[in-house]
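Below is one structure, written out as structure tokens, with a few remarks after it.
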Amino acid sequence: WREIVQAVVPLVLLCVALVWGTLHFVHSAPPRVITISAGPKGSTFETNAERYQKILARNGVTLKILESQGSIDNLHRMADPKSNVDIALVVSGLTVDEDTSNLESLGSLFYQPLTIFYRSPNPIKRLSELQGHSIAIGTEGTATHSMALALLKQNEIEPGGATKLLEIEGEDARSALLHRQAEAIFLSGDSSPPAVIKELLHQEGVRLFDFEQANAYVRRFPYLNKLIVPAGAFDLGENLPPTDINLLAPTSSTVG
């Protein structure tokens with residue numbers, strides 16, 4: 001029996017090692033199907049997800065694209081193990097109530113500048129000067145809304161105070177500014193493409209806010225970046241904007 005045991009045990013151990021190695025290899029192999037939570041139909045997030053889809057397809061991987069309301073919705077899905085979402089597109093600096101400590105950035109894609117347009121006969125230097133006015137801050141659950149509230153809070157402007165905060169964005173916000181129903185509007189992402197910025201810069205009495213304290217904001221909000229828009233960037237003939245403008249921008253990233 002001793003001889004039989006000595007002969008069999010190594011064989012059993014070898015089989016166990018082979019089975020373990022096979023299972024390890026199978027589980028470690030790259031997945032053939034990945035699900036990504038992108039953004040609204042026609043959004044920049046959806047466009048970038050479709051680019052990923054084509055690249056992965058060339059390598060034999062199928063990317064399933066789920067439509068969503070944007071970054072906040074994507075974070076909710078990533079935090080929910082039952083959502084079966086593998087990766088998502090998210091604007092940096094956003095948070096949700098659920099635990100997202102296990103999420104990691106897989107790489108930044110592009111800047112998403114925040115633009116603030118306002119009506120005033122003279123340029124304003126601080127966001128605090130908007131105190132007591134009507135401001136369109138974007139709809140709840142969007143990156144625009146989250147950034148607007150965070151920046152305004154640092155200037156002692158919060159919901160429930162003397163300042164009227166309008167939860168509208170995109171075309172509704174632009175219309176409110178043009179029809180003097182709002183003195184200032186926050187725009188970002190798909191709500192502020194170059195064509196829209198150029199259009200607003202041509203409106204009499206409408207100005208693009210210059211973050212002269214951009215360096216201080218970047219230090220206080222590490223997820224923000226300082227961008228400089230040179231004079232004439234949107235219209236060389238009319239020199240719009242007339243001077244260099246400092247903007248703030250988070251990055252859009254893929255998280256998993």
Side-chain angles (χ1 to χ4, degrees), residues 20 22-115 137-151 167-173 186-193 221-225 227 248-256:
W20 179 87
T22 301
L23 291 174
H24 178 72
F25 174 81
V26 170
H27 286 297
S28 299
R32 309 312 298 173
V33 179
I34 300 173
T35 300
I36 184 172
S37 187
K41 200 71 176 175
S43 66
T44 304
F45 274 8
E46 183 186 56
T47 300
N48 277 276
E50 290 172 347
R51 290 173 180 167
Y52 275 134
Q53 190 177 52
K54 292 176 182 178
I55 294 171
L56 291 172
R58 293 199 293 266
N59 293 278
V61 178
T62 299
L63 180 66
K64 295 173 61 179
I65 301 174
L66 297 183
E67 186 177 334
S68 79
Q69 296 302 310
S71 295
I72 298 294
D73 194 16
N74 292 345
L75 282 175
H76 284 308
R77 287 179 177 176
M78 289 299 294
D80 180 7
K82 297 180 181 178
S83 70
N84 296 318
V85 172
D86 301 301
I87 56 177
L89 298 175
V90 176
V91 174
S92 62
L94 301 182
T95 60
V96 292
D97 293 335
E98 298 94 330
D99 180 18
T100 57
S101 59
N102 63 325
L103 299 183
E104 294 185 8
S105 173
L106 305 179
S108 297
L109 300 176
F110 50 87
Y111 291 118
Q112 190 155 306
L114 175 67
T115 55
I137 60 171
T139 54
E140 186 175 0
T142 63
T144 304
H145 185 271
S146 178
M147 286 190 291
L149 288 180
L151 298 183
E167 294 192 345
I168 55 175
E169 66 177 325
E171 183 56 39
D172 291 337
F186 283 70
L187 300 175
S188 71
D190 294 311
S191 66
S192 61
F221 298 95
Y223 59 85
L224 292 177
N225 303 276
L227 303 181
L248 297 177
T251 55
S252 293
S253 305
T254 306
V255 299

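Here, residue 1 is the first one in the sequence, and each next residue gets the next number. Both backbone and side-chain heavy atoms feed into the values below; hydrogens, waters and symmetry mates do not.
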For Pro250 and Ser92, the nearest pair of non-hydrogen atoms, with its separation, is CB-OG, 3.3 Å
Measuring from Leu109:CG to Ser253:OG, what's the distance to the nearest 0.5 Å?
6.5 Å
CG/Leu114 to CG/Leu227 distance, rounded to the nearest 0.5 angstrom?
10.5 Å
Would you please name every residue forming a side chain to side chain contact (heavy atoms under 4.5 Å, CB included) with Asn225, sequence neighbours left out?
Tyr111, Thr251
So which pairs with a foot in residues 43-61 pass salt bridge (charged side-chain N to carboxylate O under 4.0 Å, His left out), sequence neighbours left out?
Lys41-Glu46
Could you go step by step and tell me if Ser83 and Met78 meet the side-chain contact (heavy atoms from CB on, under 4.5 Å) rule?
CA-CA 7 Å; Ser83 70; Met78 289 299 294; over 6 Å; no
Is it the case that the side chain of Asp190 and the backbone of Thr44 share a donor-acceptor pair, with hydrogens and angles ignored and the cut-off at 3.5 Å?
yes
Do Thr139 and Glu169 have side-chain N/O donor and acceptor atoms under 3.5 Å apart?
yes
Mark yes or no for whether Asn74, through its side chain, and Leu89, through its backbone, hold a donor-acceptor pair below 3.5 Å.
yes
Is the count of non-hydrogen atoms from other residues, nucleotides or ligands lying under 6.0 Å from Glu171 atom CD greater than 12?
yes
So, for Leu63 and Ala49, which heavy atoms are closest and what is the spacing to 0.1 Å?
CD2-O, 3.5 Å
Using the side-chain contact (heavy atoms from CB on, under 4.5 Å) rule, take Leu149 and Ile137 through it: C-alpha gap first, then chi angles, then the decisive distance, then the call.
CA-CA 7 Å; Leu149 288 180; Ile137 60 171; 3.8 Å; yes
Could you note down all residue pairs passing salt bridge (charged side-chain N to carboxylate O under 4.0 Å, His left out) where residues 93-103 supplies at least one of them, sequence neighbours left out?
none
Quiz question: by atom type and distance under 3.5 Å, do the side chains of Thr144 and Ser188 form a donor-acceptor pair?
yes
Looking at residues at least two apart in the chain, or sitting in another chain, which of them share a side chain to side chain contact (heavy atoms under 4.5 Å, CB included) with Ile72?
His76, Leu94, Val96
Taking the side chain from Asp86 and the backbone from Thr35, do they hold a donor-acceptor pair closer than 3.5 Å?
yes
Any pair with a residue in residues 139-149 that passes salt bridge (charged side-chain N to carboxylate O under 4.0 Å, His left out), sequence neighbours left out, goes on the list, sorted by first then second residue, please.
none
Those residues at least two apart in sequence (or on a different chain) that pass side chain to side chain contact (heavy atoms under 4.5 Å, CB included) with Ser252 are Phe45, Val91, Phe110, Gln112
Rounded to the nearest 0.5 Å, what separates atom OG1 in Thr95 from atom CG in Leu75?
8.0 Å
Keeping the roles fixed (side chain from Arg77, backbone from Ser37), state whether a donor-acceptor pair exists under 3.5 Å.
no
Counting only heavy atoms not in Glu167 (residues, nucleotides, ligands), do more than 12 fall under 6.0 Å from its CD?
yes
Within this structure, what is the OG-CG distance for the pair Ser71 and Asp73, rounded to the nearest 0.5 Å?
9.5 Å
Donor-acceptor contact present, side-chain Thr142 to main-chain His145, <3.5 Å:
yes
Evaluate the criterion side-chain contact (heavy atoms from CB on, under 4.5 Å) for residue pair Thr62 and Ile34; output intermediate values, then yes/no.
CA-CA 6 Å; Thr62 299; Ile34 300 173; over 6 Å; no
